[in-house]
There are 2 protein chains.
Amino acid sequence: MSELNLYVDTQYASPYAMSAFVALTEKRLTFSMIAIDLGIDENHTEAYAETSITGRVPTLVDGDFSLSESSAIAEYLEEKYPTNAIYPKQLQKRARARQIQAWLRSDLMPIRQERSTEVIFYQAKTQPLSEQAQLAAQKLFRTANQLITIPSEYLFEDWCIADVDLALMLNRLILAGDDVPERLVAYAKYQWQRPSVQLWLNQKRPLL
Amino acid sequence: MSELNLYVDTQYASPYAMSAFVALTEKRLTFSMIAIDLGIDENHTEAYAETSITGRVPTLVDGDFSLSESSAIAEYLEEKYPTNAIYPKQLQKRARARQIQAWLRSDLMPIRQERSTEVIFYQAKTQPLSEQAQLAAQKLFRTANQLITIPSEYLFEDWCIADVDLALMLNRLILAGDDVPERLVAYAKYQWQRPSVQLWLNQKRPLL
Ligand SMILES: [Ca+2]
Ligand SMILES: [Ca+2]
Ligand SMILES: [Ca+2]
Ligand SMILES: [Ca+2]
């Protein structure tokens, strides 16, 4: 097996770096992390542009192949290392997991702006949600309630990588002290106890 | 085979509806389109919330299963109907196609804001690019130049769905009259001639 390296941000605060980290950890793969400092534009160096193509974190380097975008990384790991599945096996459920991942990466912008992941990883203080962000929160709650359909601790029968992404979005609000329906709080808390998630939460972070 | 329906926007101006339409067309699948008017919030009805979960277009309905997010729809179609591939077969190229799709859906926001797809589908007039959008355009050009590595009309040996998405992003600028490197103009023009793309371009659109 070739050497695996994951480029992450120095603060371990990127939700997408977290998602890729959890995917690798759930796969029981041995990998190293290389932290780059977005604050001083280390992602804009020529070397990192070559590796990442888009200058973003996370980027996975697997031997002579490098790949960015956490959802693409998760799919790649699932295909190359199928043991310890991170996506549902069933076609429709796998499709739904992908829908959830894509949606969380492209919608709910007001929540992402007003509840940065520094709330989650640095207990940052926040202002009350704007009206726009409150509307986005209502959409998140309605959607999450519709998605978590079975009386289960997960979206589907078994854990999958979309559970981490959905829990992270909910925790932007929960950990800021915003009102979140109890059922969704329980769901997010349960995801947060997962060892692969705890391993990310417990990374030694520099002061902001 | 169950009945396939694709929910799109009334203006046929959503780049993601276009991507799903092209995916279905490339698969040579028979499907109907149902246009919903985002201008009068038809995507916020309870019925559409139930179908789409997230209230977005496109949503594919395949028998009793419905799915939104164009990248999830493309993956679902590829898995359920493997004939006429829309993703590369080779692991690393498929991964790169997914990276490109995910990147185009989550980055380059200033271009998406200042060069809405009305530029493409309605020849809308535009203002000069802001400084932020110019920086995003430079990033797009650098990235596209790095991605189109082989002297080919496509990203990879064969056409794939990511070619449509990348060409659409380039065409936001090209069709607005912005300066775009000649090589990338040639690439985008070539993608635009594809019959599945032409079929979308030639949809009868209501006046704005
Ligand atoms: Ca890469
Ligand atoms: Ca369970
Ligand atoms: Ca759906
Ligand atoms: Ca070729």
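Throughout, a chain's letter reflects where its sequence line sits, starting with A, and its residues are numbered from 1.
In this structure, the side chain of B/Lys139 engages the main chain of A/Thr54 through a donor-acceptor pair within 3.5 Å. Between the side chain of B/Gln146 and the backbone N or O of A/Glu50, at least one donor-acceptor pair lies under 3.5 Å.
Taking all atoms of both residues into account, the shortest heavy-atom contact from B/Gln99 to A/Ile53 is NE2-CB, 3.8 Å.
Neither the backbone nor the side chain of B/Ala97 comes within contact range of chain A; no heavy atoms are under 4.5 Å apart.
Contacts with chain A (heavy atom to heavy atom, under 4.5 Å) involve these residues of residues 101-110 of chain B, listed by number: B/Ala102, B/Trp103, B/Arg105, B/Ser106, B/Asp107, B/Met109.
Crowding of B/Asp41 atom CG: a count of heavy atoms from other residues, nucleotides or ligands under 6.0 Å exceeding 12. Around CG of B/Asn84, the count of heavy atoms belonging to other residues, nucleotides or ligands within 6.0 Å exceeds 12.
B/Glu79 and A/Arg98 are joined by a salt bridge, as a carboxylate oxygen and a charged side-chain nitrogen come within less than 4.0 angstrom of each other.
Expressed to the nearest 0.5 Å, how far CD of B/Gln92 lies from OG of A/Ser66 amounts to 9.5 Å.
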- Verify salt bridge (charged side-chain N to carboxylate O under 4.0 Å, His left out) between B/Arg94 and A/Glu75, making sure each step is shown before the conclusion. CA-CA 9 Å; B/Arg94 190 165 55 253; A/Glu75 299 269 6; over 6 Å; no
